[in-house]
Amino acid sequence: MASVELRNVSKAYGEVAVIHDISVEIQDGEFVALVGPSGCGKSTLLRMIAGLEDITDGDVAIADKVVNELTPRERNIAMVFQSYALYPHMTVAENMGFNLKLAGKTREEVSRQVAQAAQMLDLTGLLERKPSQLSGGQRQRVAMGRAIVRDPAVFLFDEPLSNLDAKLRVQMRSEIKMLHQRVGTTSIYVTHDQVEAMTLADRIVVLNAGMIEQVGTPLELYRQPANLFVAGFIGSPAMNFLEAVIEPAKGDARSARLEDGTSIRLHPGSRVEPGLEVTLGLRPEHLSPGKRKDLSGRIRMIEPTGAQTHVTFELSGRPLTAIVDGSFPVTLDTPFNAAVAPDQVHVFDRSTGLSLR
Ligand SMILES: Nc1ncnc2c1ncn2[C@@H]1O[C@H](COP(=O)(O)OP(=O)(O)O)[C@@H](O)[C@H]1O
Ligand SMILES: [Mg+2]
């Protein structure tokens, strides 16, 4: 196992810069997710760590040693991709043991390590099958097995679950989590899916256009998003945003006025001055239906998911989403009143996008 450190790493393809001065320290044994929208540079960054892509500027260190000039093989990493890339003519056991065989291990060593990895991944009964005789989930498990048998210092995953259907994705996600809990190998996991990042990672690095927006634990990002980008990216359904202006303070109390005149109480610790133009952020799960009518509007859409129902209501022409208990009665085109707790209102400076909490 090993730590991984990125020090002021940049990448350009010719004139086009795609990664801008990224620095992150990943501890030995940590599971870190790189998350961000498609095209933000996640794969490029991972491939630079793997040695599949030149580093334009900065250093990548694995176990405190700069590896910029080392080949992928010399870095002692294993990578799992979205496409499984298994050899179709080889059995599961042969696929899993191929790299060990190349590395000159004896037949006994190879079969012992393959058997051990197969047991960990519940593949023991499938070792003699060919990839064509496996389901998508089983193939992805073999691809992981092939990575595990090499006992690498670092696992790199690039959207490994994107090709699986929704149910299998959730199942494989928990298998990856349990595997990490068992073997504890330092892991870097690229995904565009914030739920995957939240559920798997010890820490998340949020990337946008080749830059880091925020680094933190899943709950830090959820509770204290540093800016509008992270606030809108983490959480599902996404945070609601409303434009407002800070009202004159009354003692310790802070409040903001929406365009329609509604006054919303803010957390007293909000760093705001009267007259400042802000964007308020309200998570759907914090808009609870109640007697207090902090926000009122007509219900425009109802989406039941079972345990919960997503309610879209309209507030002076703007759609807002609230999450209510699945048993809570809601009717289309009737009024919806939401109570808003001041400590659950996020406040962002509209000109910089930065959080003021
Ligand atoms: N070989 C390349 N030449 C030029 N541009 C590239 C190349 N590979 C990737 N890019 C660009 O770099 C950016 C980041 O790509 P990528 O790392 O694949 O994003 P992600 O994995 O987050 O979807 C994109 O704008 C992409 O078009
Ligand atoms: Mg990618």
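When a ligand or atom number is given, it counts from 1 through the structure's own listing order. Note that the numbering runs from 1 along the sequence shown for the chain.
- The CZ atom of R300 lies 4.5 Å from the CD atom of E314; values are rounded to the nearest 0.5 Å.
- Looking at residues two or more places apart in sequence or on another chain, you find no side chain to side chain contact (heavy atoms under 4.5 Å, CB included) involving K101.
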Per-pair distances, 0.1 Å, donor-acceptor, side chain in residues 342-349, under 3.5 Å, sequence neighbours excluded:
{"unit_1": "D349", "atom_1": "OD1", "unit_2": "S351", "atom_2": "N", "d": "2.9"}
{"unit_1": "D349", "atom_1": "OD1", "unit_2": "S351", "atom_2": "OG", "d": "2.8"}

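- Between R254 and E247, the closest side-chain pair of non-hydrogen atoms is not below 4.5 Å.
- Residues L332 and I302 have side chains in contact (heavy-atom distance under 4.5 Å, counting atoms from C-beta outward).
- What you find for G326 and T309 is that their closest heavy atoms are CA-OG1, 3.7 Å.
- Following chains of ILVMFWY side-chain contacts shorter than 4.5 Å, one cannot reach M301 starting from F328, and the two form parts of different hydrophobic clusters.
- Salt-bridge check for E196 with R173: failed, with every basic side-chain N at 4.0 Å or more from each acidic carboxylate O.
- Around the Mg ion (ligand 2), protein atoms of type N, O or S found under 2.8 Å number 1.
- Every protein residue with a heavy atom nearer than 4.0 Å to ligand 1 is included here: Y13, V18, P37, S38, G39, C40, G41, K42, S43, T44.
- For the pair F241/L280, no side-chain contact is recorded, criterion being any heavy-atom separation below 4.5 Å from C-beta on.
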